[in-house]
Amino acid sequence: MIDLIHFTIIIPLVGFLINGLLGRKIKNEKVIGAIGSGAVGIAFIIALGALFQLLSLPESERSQVVTLFNWFSVGNLEINFAYLVDPLSITMALIVTGVGFLIHVYSIGYMHGDKGFWRFFTYMNLFIFAMMNLILGDNFVVLFLGWEGVGLCSYLLIGFWYDRKFEKGTVAQAAKKAFIVNRIGDFGFLLGMFLIYLTFDSLNFTEVFSKAASGAVPEATFTLIALFLFIGATGKSAQIPLYVWLPDAMAGPTPVSALIHAATMVTAGVYMVARTSIIFASAPAIMTVVVIVGILTAFFAATIGLVQNDIKKVLAYSTVSQLGYMFVACGVGAFSAGIFHVMTHAFFKALLFLGAGSVIHGMHEEQNIQNYGGLKKHMPVTYLTFIIAAFAISGFPGLSGFFSKDEILWYSYSNFSLGLWIIAALTAVMTAFYMFRLVSLTFFGEERFDHHKVHPHESPKVMTVPLMVLAFLSVFGGYIGVPELFSGEGGNKFHHWLEPVFAAANGRLAENAEHSHFEEILLMALSVSAAIIAMWFAWKIFTTNKELAEKTSNKFKGLYNILFNKYFVDEFYEKAVISPINKFSEGFLWKIADVRLIDGFVNGTAGLIDNISGTIKRLQNGIAQFYAVIMMTGIAIILFWIIFSL
Amino acid sequence: MPQTTNEYLLILPFLVLSAGIIVSLCVELFFRKGKELLPYLSIALFLIVAYLSVGQIYEKNVLFGGMLITGGIPAIFNLLFAAAGVLVMLNSIGFLKKYGFYHGEFYLLTQLSVLGMMLMAGSGDLVTVFLGLELMSIPFYVLVGMNRKKVSANEAAMKYFLLGAFATGFIVYGIALIYGIMGNTSLIDLTENFYIYSENIIFITGFILILIGFSFKIAAFPFHMWVPDVYQGAATNVTGLMSTMGKSAAFSVIFILLTAVFMNDAGSKLGNYFAVIATLSMLYGSIVALSQNNLKRMLAYSSISHAGYMAIGLAAGNKAALAGIMFYLAAYTFMNLGAFGIISIIEGEEDKQTDLNSYAGLAKRFPFLAGMMALIMFALAGIPPMAGFFGKYYVFISAIQSNMTWLALVGILSSVISVYFYLRVVVYMYFKEPGEEISVKSDYSAYAAVIFAGILILSLGLFPDTFLSVIEYIISV
């Protein structure tokens, strides 16, 4: 199946082409949905086959390149359209196609009756195509192709309902914001790529990483490359300072938020850092930057999440915060823990978003959780699966989120410092609090919606079955990565599976001091019990004693306002960056540089050439004798010239 | 001169085509419905030629005491001629009925001219060159004027014949001078001892005269004067044939003449000649094309400037240039055949609907044709990932390798100018409101030709290295 890996990319492309070219004519939603979901489903099966084949190989051979064709070669630079199958890429491929398939199926129900039904599935398949290129590409150029491709799809899907209003602006503006902010990151990534080519004379992963591992490159170079790559990652994975697009990305349909803005695309930055782990491991300064950016993002996003009222906004900030965790893991050198969290997060965050979608669907497009309440009895399946996901993300012992989050917390202490652990644990407590605030405001307490207008109902099977599958994964998905504390030496299968990919990076990182199991158990007990208390507390307040919440928020009105307005970061960017650029663009670049200088020059040149053209056109007078004279003159001049220059 | 049956096996492509020509003649003469069959017979013939040429591509043979060379570069050219021939045939089936000339001779003459081109590409002796050249040119003169009731076609044919004969005269004169110095007409002798002979002023004069003759055939400035009138006056499918395959055949001869220069990566004093020709052709073609409103005439000037781009490679005179020009020729052939194919579909009777205004709002009426035309215009303008971009790119790179960066810059400048008139067509098709209603008959075989051309343009542009490495490999053998 490894040799067939390119079909995981081609089949979604075919699905994209069929739905894109013929979707408008097919009209039948079932057919379009089946093509769209089927393409991703087949890709998943192929990826699964490749996984089993990879497992059957000895560890040293678990990295195989499938070359399709030579894309282009310029000088020394040779770029192949080739795919790299190794534990890391196949793990990501399974997440993308697996979760992607479930979300595609769910969308058949969610998008039912939308006038752009075919367009939706077209974009979704294009997204899977681009994402698979990003994950499986065996060089930076194919990765970049996918990187830009997912950015484009994200833009198209955020702006899917381009004619609707969103908050203060329009959906189209939200899409534009996402695209532009991402471009800033992409620019950094591109610079990183140039620098890699300058340093290693290649853009091929295998070559670059083996040259990076063998040394001979100064640390300063690594620092610069890693910095640029990380800027790229902050754009795509919504980290400080470029996270602002992700909350606005919620303007898109909810399945899009689940697939692109929670489970897959936003983890591309984490994947890229993990993929280039050897470069990051060689730049300790940037590793620290990654940790700091990651933990700050995790913490501040969680504080914002505490007070938001839009169900999708809460989940969006939660995503930003969880992505911060993943970067913390990478920054402290626990790359496989980061990828493990990517996986479990994909399960429970996709489930949360889909559950939210189910609620929004049942509540007739209402998104404000203050207007929900008591939905438990109206939508039992959604309720049950949602609460499982909430337990998982809060790190309830035994669920998938517990294993991955605890691993990150432990490494943040053992590889870094106690201070980092404290902030990370505090973030985990806040996560538990806002998730259960969300759960109780939505599913418990009194029904605060207007019974005459809104009749909450459970969603159809095509939507609830994917929820159940994801709930199953959220519960049991963590058991492939049980920490060694419980499973004994070498018992963490996930860790062991990814080990060959990160071997070089781990070899370069400094050895950390040994820590005892007692410390590990103590810290785990502390963070878990604090989180459970926070969950209970949130549930209690928001179900039975809502006045207490209101009183508290009134008491700390200033703080509440800051949090509610997201630290005024958007307003700050508007004043400090966007509006000066706009003014400069309009006042100088447009009215003076463009209109006067450039247009003047261009139009002048064009006018001149036009005049010349009109003049020499007259030479073509249609008289054959004249043509012969011109020829003759030409021959005479050329002969004289050549002969006399000999 | 011992001749083995083996030699006859090797010239099978020529034999098959010759036999096919005789069969076509008989079919035309003796069957009333013969002319309905001829296009398909021609396509079959070209496909056989293509098949046989592919088989020979990797084995080079010198035959008949050095008169003819098969395999290698000639085989690539044969393949190109055959593929282009198939496209022209597909394009002609419906067009000839509309054009008012519906006789079997068209197919016969096309087959003859292709045979001539194959002889040119495979010639090992100046005599073979001349034979092939005339075998190609004379059918061309007739094809241009094939509709004898049409004044413009007659005028075009007459001009083409007069000026063509003029150019041929120089070629013969050049051959005579070279024979006087070398004592034979063997191209193998000429290329092997080129640097010795080129010390001789008479030899160089003769050589230049031959090059001038072929510069006429490739439509380079200042020997281009016939091009706009003839391209516009001839039937559109004949214009397609002449502008692509005729030009390729002329280039194949220039390659043979300059083999010594190319293979030694040495360049020569002739580099200056081609540099000047290239500069003038590119700029003249691009600038004058700006003020053309007739699409056929615009493409005629565009053809002059494309000859200029390819002449950049001749000026550079290294192996990379040789491969680059061959790639360019293939790209150019399919781009132009596609463009003329679409023009021939849209064109009405009596040359109507060939001006830009007929294309206004085409995207709304014929989205498929407009889309293909846009693709081809982007390709001609040299916008990646279409074939035209890589053609120019390879040629420019070869110039830079030969320290002629200025020439590459002129090429880029000219490309910039050319974008204006190519994209103007796209603007007309997509952004202008449709003018008066135009009538277009659907013609499925012509559509097929356009689609094939489009596929070839895209695949040359998407996998340029694959094609280029095959060409480079064959050259190095």
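In what follows, chains are A, B, ... by sequence order, proteins preceding strands, each numbered from 1. The structure displayed is predicted, hence computed values, not measured ones.
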So how far is it from [X] [atom1] to [Y] [atom2], rounded to the nearest 0.5 Å?
| X | Y | atom1 | atom2 | value |
| --- | --- | --- | --- | --- |
| I287(B) | I612(A) | CD1 | CD1 | 5.5 Å |
| I638(A) | F223(B) | CD1 | CZ | 4.0 Å |
| Q620(A) | R297(B) | CD | CZ | 5.5 Å |
| M225(B) | N621(A) | CE | CG | 6.5 Å |
| F69(A) | L462(B) | CZ | CG | 7.5 Å |
| L290(B) | N611(A) | CG | CG | 11.5 Å |

Answer yes or no: does atom [atom1] of [X] have more than 12 heavy-atom neighbours from other residues, nucleotides or ligands under 6.0 Å?
| X | atom1 | value |
| --- | --- | --- |
| Y173(B) | OH | no |
| Y155(A) | OH | no |
| Y197(A) | OH | yes |
| K211(A) | NZ | yes |
| Y394(B) | OH | yes |
| F187(A) | CZ | no |

Could you look at [X] and say if it's the side chain, the backbone, both or neither that has a heavy atom under 4.5 Å from chain A?
| X | answer |
| --- | --- |
| F170(B) | side chain |
| Y301(B) | side chain |
| I397(B) | neither |
| F216(B) | side chain |

*Examine whether an atom of I635(A) lies under 4.5 Å from a heavy atom of chain B, and if so say whether it belongs to the side chain, the backbone or both; otherwise answer neither.*
both

*Which atoms of F81(A) come close to chain B, meaning under 4.5 Å heavy atom to heavy atom: side chain ones, backbone ones, both, or neither?*
neither

_Only pairs of heavy atoms separated by less than 4.5 Å count here; which of L468(B), L209(B), T205(B), L162(B) has the most with chain A?_
T205(B)

Which atom pair, heavy atoms only, marks the closest approach of [X] to [Y]?
| X | Y | answer |
| --- | --- | --- |
| A167(B) | M631(A) | CB-CE, 4.1 Å |
| G614(A) | S291(B) | N-OG, 4.3 Å |
| K159(B) | A624(A) | CG-CB, 3.9 Å |

*Indicate yes or no: at least one non-hydrogen side-chain atom of V276(B) is less than 4.5 angstrom from one of W641(A).*
yes

